[in-house]
Amino acid sequence: MAINDTKSGFATRAIHGSMHTSQPEGALNPPLYMSSTFTFERVEDGAALFAGEKPGHFYSRVSNPTLSALEMRFATLENAEAALSFASGMGAITSVLWTFLSAGDEIIADKTLYGCTFAFLQHGLSRFGVTVRDVDLNDLAALKTAITDKTRIIYFESPSNPNMRLVDITAVSTIADQHNIKTIVDNTYCTPYLQQPLALGADIVVHSATKYLGGHGDLIAGMAAGSADDMLQVRVEGLKDMTGAVMTPLTAHQIMRGLKTLEIRMDRHCTSAQTIATRLEAHPAVREVYYPGLNSFAQHDLARRQMRGSGGMIAFELNADLAGAAHMMNALELVKRAVSLGDADTLIQHPASMTHATYTADERAAHGISDTLLRLSVGLETVDDIWADLAMALDALAIQEVAPRAA
Ligand SMILES: *Cc1c(COP(=O)(O)O)cnc(C)c1O
């Protein structure tokens, strides 16, 4: 249920949010409140604020007017009652999970997760008496078997980082609801423009706002959205008292700027990635392409059901070993070798040695992350230029691979 503005389109809400009220001095954009603390008119006012009897701000680890502007705007985009901002995606994920888990509880996590989330669960939370169960969430029978009376949370990404596996959000949320379990979805790859997990039945969404929401590779940030009760509990427990992973007002301002172009950026990311994925699939040096928009994608139907578009992320494997893949990546000129994603710049990386090096080799094998998988974040450059760079590097590889065999 949207808190307001349900009649406005996505881009209108991304630009105006819920803020139709005028800003100080007639400013078009909300001002930056670079203030750690806020004064009380009288002692009694401070007491009322601390007791939650009066709305308002008193300390920026709890709330800040610039962050509130972003949070209200973001809540309307995710069709949530409330949203919360964090210092990073990991700040959002850890704050949310710490809030709803205690020693003795169990959490079910999908097989494939972003490397640091995996590490937080497997190598972090498990040290504090939380049992983490890895389940292939595409296997609903396995999910039902894994649920116990101690299960509190089911956690997943869709598409997953890095191998693009999808999870049926409605199917998993329905099972979770029957057992009073919270479904938490990392919606970083899609953004609320392409996929709205809450509308599909999930309870909480988390984001690395570092990626598409910021969109320009110049900040680190996180967001969460969900019911007003859940967000309040995360604010006063996980965020305020456990992680303290608070976003700065300047970052909130930059994300609001990013949100203004989110719809047109995502549209462009989607069309360019579709073109690149199609051309990659046809190239002789490429063995396999994982992109939800391809007819060959195993979960193409699910993608069409729960995503508005296929996104800007592609995973692929070459007809080459790791050395060949490194050779191809090193030959790129326009496409940058870098982690992160969702930027205007096209980025390529090697998950096994970079973002997913937090997994042991055995864990990667068990979780479906092959050592030769490459991850491409298709940027906003002219698509033919992106392709020309990739084709140049792939052609060199094809010649290098084929030549010895022909000889
Ligand atoms: C990058 C990323 C994160 C972590 O976010 P940070 O902003 O780097 O802390 C979490 N989940 C996914 C899917 C990501 O891509």
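Put simply, the side chain of Asn295 reaches to within 4.5 Å of the side chain of His300, judged on heavy atoms. No side-chain heavy atom of Gln349 sits less than 4.5 Å from a side-chain heavy atom of Ser340. Within the 4.5 Å cutoff, side-chain heavy atoms of Thr117 are placed close to those of Met90. The shortest distance between side-chain heavy atoms of Asn161 and Arg375 falls below 4.5 Å. Taking 4.5 Å as the limit, some side-chain heavy atom of Pro192 sits within range of a side-chain heavy atom of His207. At a threshold of 4.5 Å between non-hydrogen side-chain atoms, the residues Asn138 and Lys111 do not count as touching. Within the 4.5 Å cutoff, the side chain of Leu70 has heavy atoms near those of the Leu259 side chain. Taking the side chain as every heavy atom from C-beta outward, Thr183 and Phe156 approach each other to under 4.5 Å.
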Open item on the list: Gln299 vs Asp168, test: side chain to side chain donor-acceptor pair (under 3.5 Å). Steps then yes/no.
Closed with: CA-CA 10 Å; Gln299 296 170 295; Asp168 186 330; over 6 Å; no

Task: Evaluation steps, side-chain contact (heavy atoms from CB on, under 4.5 Å), between Asp267 and Glu263 - done: CA-CA 6 Å; Asp267 280 340; Glu263 176 170 324; 4.0 Å; yes

- [ ] Mind running side chain to side chain donor-acceptor pair (under 3.5 Å) on Glu317 and Ser370 for me, showing each step along the way?
- [x] CA-CA 9 Å; Glu317 310 221 29; Ser370 107; 3.0 Å; yes

Task: side-chain contact (heavy atoms from CB on, under 4.5 Å) between Gln274 and Tyr291, intermediate numbers included - done: CA-CA 8 Å; Gln274 183 76 39; Tyr291 182 69; 3.4 Å; yes

- [ ] Mind running side-chain contact (heavy atoms from CB on, under 4.5 Å) on Tyr189 and Met164 for me, showing each step along the way?
- [x] CA-CA 9 Å; Tyr189 265 40; Met164 306 299 293; 3.6 Å; yes

- [ ] Give the C-alpha distance, both sets of side-chain angles, the deciding distance and a yes or no for side-chain contact (heavy atoms from CB on, under 4.5 Å) between Val383 and Ile276.
- [x] CA-CA 8 Å; Val383 67; Ile276 298 290; 3.9 Å; yes

Open item on the list: Between Ser227 and Glu81, does the side chain to side chain donor-acceptor pair (under 3.5 Å) criterion hold? Intermediate values first, please.
Closed with: CA-CA 5 Å; Ser227 72; Glu81 286 178 352; 4.7 Å; no

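Enclosure of atom CD in Gln178 by more than 12 non-hydrogen atoms of other residues, nucleotides or ligands within 6.0 angstrom is indicated. Atom CZ of Arg304 sits in a sparse spot, with 12 or fewer heavy atoms from other residues, nucleotides or ligands closer than 6.0 Å. Counting heavy-atom neighbours within 6.0 Å of Asn180 CG, excluding the residue itself, gives a total of 12 or less. Other residues, nucleotides and ligands contribute over 12 non-hydrogen atoms within 6.0 Å of the CZ atom of Arg287.
Here Asp384 pairs with Arg279 in a salt bridge; the nearest charged N to carboxylate O distance falls below 4.0 Å. Salt-bridge formation is not detected for the pair Asp345/Lys336: no Lys NZ or Arg NE/NH1/NH2 atom is positioned less than 4.0 Å from an Asp or Glu carboxylate oxygen.
Taking the six-membered ring for Trp and thresholds of 30 and 60 degrees, Phe58 and Phe40 have ring planes inclined between 30 and 60 degrees apart. The aromatic rings of Phe38 and His57 sit tilted, their planes meeting at an angle between 30° and 60°.
Nearest heavy atom pair, residue Trp98 against residue Leu125, reads CZ3-CD2, 3.6 Å. In this structure, Leu77 and Ala14 approach most closely via the heavy-atom pair CD2-N, 3.6 Å. Between Leu397 and Ala285, the shortest heavy-atom contact is CD2-CB, 4.1 Å. In terms of heavy-atom proximity, Leu194 sits nearest to Gly309 at CD2-N, 3.7 Å. Across Val96 and Ala224, no two heavy atoms sit closer than the pair CG2-CB, 4.1 Å. Nearest heavy atom pair, residue Tyr359 against residue Gly115, reads CE1-CA, 3.8 Å.
With Glu157 contributing its side chain and Tyr114 its backbone, the two residues share a donor-acceptor pair below 3.5 Å. A side-chain donor-acceptor contact under 3.5 Å links Gln195 to the backbone of Ser158. Without hydrogens or angle criteria, Thr151 side chain to Thr148 main chain gives a donor-acceptor distance under 3.5 Å. Of the possible polar contacts, one joining the Asp45 side chain to the Arg42 backbone as a donor-acceptor pair under 3.5 Å is found. Judged by distance alone, with hydrogens and angles left aside, the side-chain atoms of Arg152 form no donor-acceptor pair with the main-chain N or O of Leu101 at under 3.5 Å. Without hydrogens or angle criteria, Arg337 side chain to Leu332 main chain gives a donor-acceptor distance under 3.5 Å. Put simply, the side chain of Gln306 gets close to the backbone of Val167: a donor and an acceptor are under 3.5 Å apart. Put simply, the side chain of Ser310 gets close to the backbone of Gly293: a donor and an acceptor are under 3.5 Å apart. In this structure a side-chain-to-backbone donor-acceptor pair under 3.5 Å is missing from Gln254 to Leu219. In this structure, the side chain of Thr261 engages the main chain of Gly258 through a donor-acceptor pair within 3.5 Å.
Rounding to the nearest 0.5 angstrom, the gap separating the CD1 atom in Ile93 from the CG atom in Asp186 is 5.0 Å. One finds the CE atom of Met307 at 9.0 Å from the CG atom of Asn187 (value rounded to the nearest 0.5 Å). Here the straight-line distance linking atom CE of Met223 with atom CE of Met247 works out to 5.5 Å at 0.5 Å rounding. Rounding to the nearest 0.5 angstrom, the gap separating the NE2 atom in His253 from the CD1 atom in Ile255 is 11.5 Å. Once rounded to the nearest 0.5 Å, the distance linking CG of Asp241 with CZ of Arg61 reads 7.0 Å. In this structure, Ile107 CD1 and Phe100 CZ are separated by 11.5 Å, a value rounded to the nearest 0.5 Å.
Contacts of Thr112 classified as side-chain contact (heavy atoms from CB on, under 4.5 Å), with partners at least two apart in sequence or in another chain: Ser160, Pro162, Asn163, Arg165, Ile369.
In this structure, a donor-acceptor pair under 3.5 Å is present between the side chains of Thr346 and Glu381. A side-chain donor from one of Glu281 and Ser296 sits under 3.5 Å from a side-chain acceptor of the other. No side-chain donor-acceptor contact under 3.5 Å links Ser208 and Thr188.
Sorted by first then second residue, the side chain to side chain donor-acceptor pair (under 3.5 Å) pairs that include residues 25-34, not counting sequence neighbours, are Asn29-Lys260.
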